[in-house]
Amino acid sequence: MSGLEHFRAENAVDAEVAIVGGGLIGCMTAHELRRRGRSVLVLERGLLGGQSSGVSFGSLRLQGQHAPELPLALHAQALWTEVETLIGESVEFAGHGHVHLAVDDAQEARLAGNAEHGRAFGLPIELIGRQEAIRRWPFLGASVRAASFSARDAVVNPRLVAPAFARAAQRLGATICERVEVLAARHDAGGFALQCRDRDGAERTLRAEVLVNAAGAWSGTLAGWFGETIPLFAAGPAEMVTEPVPRFVEPTMHVVDGSVLFRQTSRGNVVIGGHPRMSVDATTRRTRVPPDKMLTNLGRLVAIAPHLRAYAVIRSWTGIEGYLEDMMPVLGPSATTPGLFHACAFSGHGLQLGPAAAKALAELITTGATALPIAPFGIGRFSAEGRRQVHSLAEEFQDDVLHRPG
Amino acid sequence: MTRIVIVGAGPAGIAAADALSAAPVEVTLIDEAARPGGQLYRSPAPGLKLDMSRLLGSSHGAYAAFHDKAAGLCRRLDYRPGTLVWSIHGGAVHLASASGAAALPYDALILATGATDRIMPAPGWTLPGVFTLGGAQALLKDQGVAIGRRVVFCGSSPLLYLAASQYLRMGVKVAAVIDSTPFAAKLRALPDMARAPATLAAGLRAMAELRLGGVPIHQGARIERFEGEERLAAVQCRAGAGQLVRIACDAAAYGHGLRPEAQLAELAGCELRYDPVQRLHLPVIDGDGRAGERLYIAGDGGHIGGGQAASLSGALAAAALLDDLGLPASDVDRAGSRRSLARLRGFPNGIAAAFRWPREQVVALADDTILCRCENIRVGEVRAALRQPMASPDANRIKAVSRCGMGRCQGRFCGPALAELVGAGHAGELDRLRAQAPIKPLPIALAGEAAP
Ligand SMILES: Cc1cc2nc3c(=O)[nH]c(=O)nc-3n(C[C@H](O)[C@H](O)[C@H](O)COP(=O)(O)OP(=O)(O)OC[C@H]3O[C@@H](n4cnc5c(N)ncnc54)[C@H](O)[C@@H]3O)c2cc1C
Ligand SMILES: Cc1cc2nc3c(=O)[nH]c(=O)nc-3n(C[C@H](O)[C@H](O)[C@H](O)COP(=O)(O)OP(=O)(O)OC[C@H]3O[C@@H](n4cnc5c(N)ncnc54)[C@H](O)[C@@H]3O)c2cc1C
């Protein structure tokens with residue numbers, strides 16, 4: 001909201017911590033840091049939550065989350081149940097659970113694997129045969145063979161999350177700037193110097209002791225200013241929404257390979273997602289879902305929920321998300337620069353992980369340590385030796401993402 | 001052969017098709033309506049006994065000539081009625097019709113998609129019985145059905161007197177015409193309007209006809225409310241002198257001028273630019289309708305100018321397209337058409353003054369007035385979203401938070417009023433809601449069924 005005009009003359013320290021990026025990660029981190037009494041400055045080039053954070057499917061899914069991430073995800077889920085009390089406003093949190101569906105033997109085996117894996121981490125997942133699935137969700141089509149249900153999975157309205165956390169942080173005294181872009185940053189004896197430009201073209205250098213890289217799909221650029229590489233790539237899942245439909249389902253429904261997933265909002269609209277994810281243009285920041293992709297995903301939708309045939313889709317969208325090949329974020333201190341922390345490339349899970357990621361980061365910044373399980377997410381995993389234990393990406397991304405030049 | 005796709009079979013689209021008819025190109029003409037005509041020359045369903053010469057009066061000659069030409073063209077080229085273009089992507093138009101979904105690649109594209117009413121919400125405007133001016137006119141021309149037995153025509157639009165006079169001619173009781181632009185403002189715009197004598201004459205003729213028919217005309221009157229319990233029972237307005245006037249009726253036709261349908265243009269990659277006179281974002285086109293690579297825009301979809309301007313611009317766009325493709329020129333009189341078109345389109349200030357968009361009204365609206373009729377969002381909810389800390393006054397942000405503009409019409413109707421509400425108190429450009437596919441609701445059934 002504030003531009004650059006009210007910052008004091010150059011070289012004063014403008015905040016103890018400067019956060020680049022006003023997505024949900026930046027806003028949640030600002031809030032956690034203010035709760036711990038640090039002075040905080042959030043710098044967002046566009047609008048708060050205007051990128052990935054504001055356009056996501058809205059799912060807080062635990063079931064099927066891969067092993068290295070599940071412990072942090074479980075912490076995050078516990079925090080999510082308290083979020084609305086903590087920040088004093090609604091983000092339309094609804095704990096209706098999440099259903100995975102299987103349409104063939106291999107997928108059925110996957111449900112069983114997920115359930116076993118969940119149990120190992122203390123996450124109950126119920127395996128459900130076709131008959132029982134049809135009894136609970138009578139709209140399911142003939143192709144559904146089996147289901148599994150995780151009651152602790154939930155949804156929120158993603159459009160509300162980043163602005164709500166920004167307000168909460170601001171109430172605690174954080175300074176939040178929209179339409180201020182960080183053009184460059186460097187580290188010197190006095191800490192970090194950030195060269196910023198506001199919407200009117202005014203430029204100023206702001207200073208902070210600690211710098212948080214929460215720049216989403218653009219965080220590789222910031223890391224580069226400090227001689228670090230985050231080998232992320234931008235992509236986005238196709239999303240669509242229907243006109244309001246009479247209430248028919250509470251949990252999120254999700255074919256286990258991700259080829260189609262949907263949930264119904266309290267107003268009745270059905271939000272529809274589907275992988276593989278598409279290539280998007282992080283430079284122009286203009287995103288479109290190709291029409292053939294929409295039709296393919298709708299075809300998959302009616303195979304699972306045939307009655308939706310009678311309704312219409314009213315909009316499509318996607319977003320610009322940063323992914324890493326192992327589908328995990330970078331979360332923790334920089335390997336080159338003391339005082340720099342990365343929290344980025346959430347690889348499609350940032351909404352769910354957000355509260356725990358922010359808490360871990362705030363603890364690291366204020367105390368130098370955290371008990372939260374973030375060890376798998378260190379930037380060190382991309383150093384020449386420790387590179388890539390990649391799992392299969394063909395299901396996750398279209399060819400145009402995986403085989404993009406450059 | 002080179003494939004040209006034309007979207008819209010109104011005056012602009014038909015003129016473009018005509019200008020291409022001798023060229024070595026394959027033309028596909030697409031319209032979501034069942035018959036050619038667009039808004040101006042909309043025609044009744046076959047078999048419907050509707051006396052169009054009575055309905056149209058002196059403009060029937062032009063109507064008949066248009067349909068003669070259109071019928072011939074539609075027989076000869078690949079004409080696809082009842083077909084919605086729901087997206088443009090990757091050099092193809094994406095179609096939805098009773099026979100399913102299809103993609104059609106093009107070498108060049110002419111968008112002649114016309115305009116729709118711009119609406120300023122008012123208390124009660126979503127009551128059953130309240131129609132847009134265009135909707136009221138379309139129902140009459142298309143189905144031979146009037147929107148009511150005692151109809152009020154209100155707002156401010158070139159269509160206001162025209163639609164009222166057509167209803168009168170068809171024997172419907174016109175309870176009143178309430179024109180929210182003061183007569184003095186119209187008089188001041190007269191010299192400008194005189195540059196389009198045909199349009200001006202048609203307007204004056206319609207007004208005279210209504211006076212002769214004993215229809216009360218209130219000018220410079222503000223619409224206060226559409227009144228009624230279950231459905232519309234009366235329109236209340238505050239007349240120029242300040243007194244409240246209540247007109248009993250069972251239907252009202254309402255609108256404030258026209259807004260180009262530019263969603264397809266946006267998806268096709270055309271730049272939209274804010275126009276401070278019309279307070280709308282309009283496609284950026286050159287004098288011949290060039291709008292981007294292999295992209296041309298003609299008619300009211302690019303620039304509100306009426307039927308004659310639409311035809312001229314359709315022919316010019318076709319000629320420009322042939323030039324750009326290096327194909328033999330058509331026999332369009334480019335210089336003459338450009339001159340006439342410039343004359344017809346050259347007075348946006350006059351149009352804006354004569355058919356005033358009452359933007360200050362949005363600020364005065366009571367909190368409980370519905371702004372977004374699809375999602376039932378009230379003005380007060382949008383104001384609350386604007387008052388929240390961290391709520392940038394940005395229409396797309398306010399939409400995301402309040403749901404205003406997120407329904408079936410995707411802000412095509414509430415968008416201009418939302419932009420005014422968000423922009424009130426700020427100098428400079430208004431925002432616009434960004435378009436995404438599908439530009440109109442896409443039936444899921446069209447997708448068929450794929451393997452999951
Ligand atoms: C379509 C879609 C669906 C998704 N569905 C889910 C889901 O169901 N569940 C889930 O958990 N996750 C989901 N995700 C992922 C989730 O949305 C993201 O992981 C999360 O929002 C990441 O938040 P962020 O703050 O890191 O990134 P962002 O929201 O992208 O924020 C980064 C911000 O940094 C700003 N910025 C960048 N560079 C600069 C600079 N130099 N100066 C100033 N500002 C800068 C950007 O403008 C941006 O606003 C989805 C993502 C997409 C795209
Ligand atoms: C409702 C209405 C009524 C009007 N009545 C009159 C009148 O009586 N007299 C007068 O002088 N002027 C009238 N006007 C002004 C009139 O629009 C112009 O004079 C003239 O019709 C403009 O011609 P056009 O070819 O640009 O657009 P139109 O005549 O509006 O033709 C556009 C055509 O494109 C089609 N189309 C649009 N989008 C799509 C899509 N996505 N897919 C497929 N097809 C599409 C529409 O179905 C329509 O047939 C009216 C305008 C409106 C909006």
Side-chain angles (χ1 to χ4, degrees), chain A residues 1 22 27 46-50 54-55 89 101 103-104 141 143-144 159-160 162-164 166-167 170-171 176 178-179 240-244 255 257 259-260 267 269 272 286-292 294-304 306 308-317, chain B residues 84-90 92-96 100-104 266-269 374-377 385 388-403 405-412 433-452:
Chain A
M1 312 282 323
C27 295
L47 298 181
L48 297 165
V55 301
E89 60 180 282
L101 301 169
V103 300
D104 60 28
S143 61
V144 174
R159 297 192 306 275
L160 306 180
R167 275 192 289 276
Q170 194 188 40
R171 277 194 297 273
I176 316 262
E178 281 187 312
R179 295 185 164 121
M240 292 178 277
V241 66
T242 68
E243 61 192 321
V255 175
D257 65 357
S259 58
V260 63
R267 202 182 140 67
N269 311 72
I272 306 154
R286 223 183 269 155
T287 58
R288 297 259 154 81
V289 181
D292 56 343
M294 291 172 63
L295 293 171
T296 302
N297 288 4
L298 290 175
R300 290 170 176 168
L301 174 74
V302 296
I304 302 299
L308 292 178
R309 218 182 259 291
Y311 299 92
V313 159
I314 59 176
R315 196 171 177 90
S316 64
W317 72 95
Chain B
L84 171 73
V85 178
W86 61 274
S87 183
I88 296 178
H89 189 92
V93 287
H94 296 267
L95 312 177
L104 181 67
E266 184 179 350
L267 292 188
C374 300
E375 290 293 302
N376 244 317
I377 306 298
Q388 274 187 328
M390 298 285 108
S392 282
D394 173 285
N396 289 286
R397 155 61 63 81
I398 296 302
K399 165 187 155 182
V401 172
S402 70
R403 298 194 62 81
M406 284 189 119
R408 271 184 73 92
C409 90
Q410 288 290 301
R412 284 167 60 237
L433 298 178
R434 290 182 289 266
Q436 287 282 10
I439 60 149
K440 288 189 183 165
L442 176 70
I444 292 175
L446 286 179
E449 193 163 321

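Sequence lines set the chain letters: A, B, ... in the order given, protein chains first and strands last, and positions in each chain run from 1.
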Subject >> A/Asp257 vs A/Arg300, salt bridge (charged side-chain N to carboxylate O under 4.0 Å, His left out): CA-CA, chis, key distance, verdict >> reply: CA-CA 12 Å; A/Asp257 65 357; A/Arg300 290 170 176 168; over 6 Å; no

Which bit of [X] comes within less than 4.5 Å of chain A, counting heavy atoms only: side chain, backbone, both or neither?
X        : answer
B/Gln436 : both
B/Cys374 : backbone
B/Ala101 : side chain
B/Ala92  : neither

Is it the case that the side chain of [X] and the backbone of [Y] share a donor-acceptor pair, with hydrogens and angles ignored and the cut-off at 3.5 Å?
X        : Y        : answer
B/Gln388 : A/Ala164 : no
A/Glu178 : A/Leu48  : yes
B/Glu375 : B/Arg403 : no

pair [X]-[Y]: side-chain heavy atoms closer than 4.5 Å:
X        : Y        : answer
A/Asn297 : A/Val260 : no
B/His94  : B/Leu104 : no
B/Leu95  : B/Val85  : yes

Subject >> When B/Leu446, B/Leu267, B/Val401, B/Asn396 are compared by non-hydrogen pairs under 4.5 Å with chain A, the top option >> reply: B/Leu267

Of the backbone (N, CA, C, O) and the side chain (C-beta and beyond), which part of [X] lies under 4.5 Å from a heavy atom of chain B, both, or neither?
X        : result
A/Leu101 : neither
A/Met240 : neither
A/Asn269 : side chain
A/Arg267 : side chain

